[in-house]
Q: 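Have a look at the structure that comes next, please.
Fair warning: this is a prediction, and the values are worked out from it, not measured in the lab. Ligands are counted one by one from 1 in listed order, and the atoms in each one are counted from 1 as well. Hydrogens, waters and symmetry mates are skipped; everything else that's a heavy atom, side chains included, is used.
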Amino acid sequence: MTVNLASKIQKFQFKNLFLNASGVHCQSKEELDDLRHDQFSGGLVTKSATPNSRFGNPLPRYHSLPAGSINSMGLPNEGFEFYLDYVTHAKMQKPMILSVAGMSKDEDLDLLHQIQNSDYQGLTELNLSCPNVIGKPQMAYDFAGSDQMLKEIFAFFKKPLGIKLPPYFDLVHFDRIAEILNQYPLSHVNTINSIGNGMWVDIESEMTVLKPKGGFGGVGGSIALPTALANVRALRQRLNSSIDIIGTGGVTSGRDAFAHILCGANMVSIGTQLYEEGLGSFRRINKELSEIMERKGYHSLDDFRGKLKIM
Ligand code: OXC
């Protein structure tokens with residue numbers, strides 16, 4: 001039996017459901033080219049672009065944990081023009097998502113104006129949830145502010161636009177954010193960004209493992225899987241069916257990807273595991289997911305997407 005891992009966001013067809021998580025292996029031209037040519041990833045997401053190139057936070061700013069990672073990169077990137085040019089002109093092997101993150105609401109609006117006025121016709125994703133920029137709160141935790149911002153954005157932005165969300169932890173917050181997002185013609189939400197402002201301590205040196213922000217950083221990898229699954233599930237239950245979901249967080253195997261799809265994910269992205277294992281993770285996780293589907297007699301993702309059973 002052959003299984004089909006094809007999926008889509010709106011009209012954009014991906015030959016399989018796997019993406020890199022924004023931030024991992026997607027900053028330089030070489031990294032983006034690697035992803036574009038990799039036959040086991042379905043699409044790619046760029047590093048979140050800020051108006052100008054940035055070095056990001058001081059090093060060390062990434063640390064592997066026993067079951068995941070903690071980072072405080074601080075949006076190092078080549079600047080908006082570089083990424084807009086890449087996604088507009090690179091010979092397409094697969095659909096690409098342009099991720100953007102201004103340092104303020106005005107910068108977000110300005111970046112989106114530039115995309116609206118450009119030749120780019122693909123998917124854009126506004127990152128409202130980076131936990132690591134000093135002095136910049138995670139916008140998507142400000143419900144009224146996010147609502148107002150989306151209102152201003154959709155007054156002029158007519159291209160496909162999704163947003164990257166932080167994890168929510170209270171059912172009331174799922175209700176609130178979904179109620180806001182459902183008012184707007186979003187192409188998708190990408191959930192979750194790393195779990196913000198965690199801490200890891202090296203007891204020998206009695207020091208934090210990260211330098212920026214006094215050692216606080218975003219937690220990802222296996223540790224984040226239960227939170228990611230809950231966010232995918234809770235949002236799928238609440239969002240309009242017209243809004244697709246990219247499940248991000250804690251995917252290290254085909255089993256984890258299968259769980260994300262059962263919770264309702266249309267696409268699945270791989271962050272910490274891609275960083276730790278490299279591009280080969282796409283091939284392995286593809287194979288593992290296909291084997292699970294074969295064993296269960298599923299031909300396509302639609303056979304089980306969102307069909308999580310409750311005990
Ligand atoms: N989430 C982001 O949105 N950005 C990066 N890290 C993270 O966990 C970063 O650049 O800090």
Side-chain angles (χ1 to χ4, degrees), residues 19-28 31-32 44-65 67-80 82-83 97-105 107-108 111 124-142 146 149 161-169 188-200 208-225 227-228 231 246-251 269-276:
L19 303 165
N20 63 298
S22 174
V24 182
H25 208 99
C26 58
Q27 182 173 340
S28 66
E31 289 176 331
L32 290 164
L44 70 82
V45 189
T46 69
K47 177 69 191 170
S48 296
T50 54
N52 300 308
S53 66
R54 280 169 60 85
F55 175 78
N57 290 342
L59 279 59
R61 57 193 188 182
Y62 178 94
H63 188 84
S64 303
L65 300 180
S69 66
I70 184 163
N71 88 85
S72 181
M73 306 301 286
L75 295 176
N77 76 96
E78 313 300 315
F80 174 71
F82 167 83
Y83 297 102
I97 301 177
L98 173 59
S99 173
V100 294
M103 289 293 139
S104 62
K105 177 175 154 190
E107 281 192 7
D108 284 334
L111 293 173
T124 298
E125 186 173 288
L126 179 62
N127 182 353
L128 291 182
S129 51
C130 178
N132 301 328
V133 180
I134 296 152
K136 180 180 184 278
Q138 288 165 276
M139 182 64 177
Y141 284 137
D142 172 354
S146 297
M149 184 166 178
L161 177 68
I163 56 175
K164 178 84 174 261
L165 294 173
Y168 296 99
F169 300 95
H188 69 279
V189 298
N190 188 335
T191 178
I192 57 173
N193 208 320
S194 58
I195 304 172
N197 297 303
M199 167 74 59
W200 195 254
T208 61
V209 294
L210 302 178
K211 187 173 175 69
K213 281 186 71 178
F216 290 88
V219 176
S222 294
I223 279 179
L225 182 63
T227 302
N231 276 261
I246 302 177
T248 303
V251 175
S269 55
I270 306 175
T272 299
Q273 191 63 29
L274 173 60
Y275 184 90
E276 298 287 342

Q: Non-hydrogen atoms of Ser48 versus ligand 1: any pair closer than 4.0 Å?
A: no
Q: For Tyr141, does its backbone N or O pair with a side-chain atom of Tyr168 as donor and acceptor, under 3.5 Å?
A: no
Q: What protein heavy atom sits nearest atom 4 (N) of ligand 1, and how far off is it?
A: Cys130 SG, 3.3 Å
Q: Using a heavy-atom cut-off of under 4.0 Å, does the side chain or the backbone of Asn57 touch ligand 1, or both, or neither?
A: neither
Q: Any N or O of Pro76 that comes nearer than 3.5 Å to an N or O of ligand 1?
A: no
Q: Just to be sure I read this right, does ligand 1 sit under 4.0 Å from the backbone of Pro131, its side chain, both, or neither, counting only heavy atoms?
A: side chain
Q: Do the side-chain N and O atoms of Glu125 and Ser22 include a donor-acceptor pair separated by under 3.5 angstrom?
A: no
Q: Counting heavy atoms only, which of Gln138, Met73, Lys164, Lys213 comes nearest to atom 9 (C) of ligand 1?
A: Met73
Q: Among all the protein's non-hydrogen atoms, which is closest to atom 5 (C) of ligand 1, and how far away is it?
A: Lys47 NZ, 3.7 Å
Q: Do Met149 and Ile163 come close enough that some side-chain heavy atom pair is under 4.5 Å?
A: no
Q: Would you say Asn193 and ligand 1 have an N/O pair spaced under 3.5 Å apart?
A: yes
Q: Could you point out which residue of Ser194, Ser222, Ser69 forms a side chain to side chain donor-acceptor pair (under 3.5 Å) with Thr272?
A: Ser69
Q: How many angstroms lie between atom NZ of Lys213 and atom CE of Met199, to the nearest 0.5 angstrom?
A: 10.0 Å
Q: Could you see which bit of Arg54 sits under 4.0 Å from ligand 1, with heavy atoms only: side chain, backbone, both or neither?
A: neither
Q: At a non-hydrogen distance cut-off of under 4.0 Å, which region of Asn132 contacts ligand 1 (side chain, backbone, both, or neither)?
A: side chain
Q: Identify the heavy atoms of Ala49 and Asn77 that sit nearest to each other, and give their distance.
A: CA-OD1, 3.5 Å
Q: For ligand 1, which atoms, with element, lie under 4.0 Å from some heavy atom of Gly74?
A: 9 (C), 10 (O), 11 (O)
Q: Is a donor from one side chain sitting under 3.5 angstrom from an acceptor on the other, for Asn127 and Ser129?
A: yes
Q: Among all protein heavy atoms in this structure, tell me which lies nearest to atom 8 (O) of ligand 1, with the distance rounded to 0.1 Å.
A: Ser194 OG, 2.6 Å
Q: More than 12 foreign heavy atoms under 6.0 Å from NZ of Lys136: is that the case here?
A: yes
Q: Report yes or no: does Ser72 contribute a side-chain atom to a donor-acceptor pair with the main-chain N or O of Arg61 at less than 3.5 Å?
A: no
Q: Under 4.0 Å from ligand 1, counting heavy atoms only, is it the side chain of Val133, its backbone, both or neither?
A: neither
Q: What residue and atom, counting heavy atoms only, is the protein's closest point to atom 6 (N) of ligand 1, and at what distance?
A: Asn71 OD1, 3.0 Å
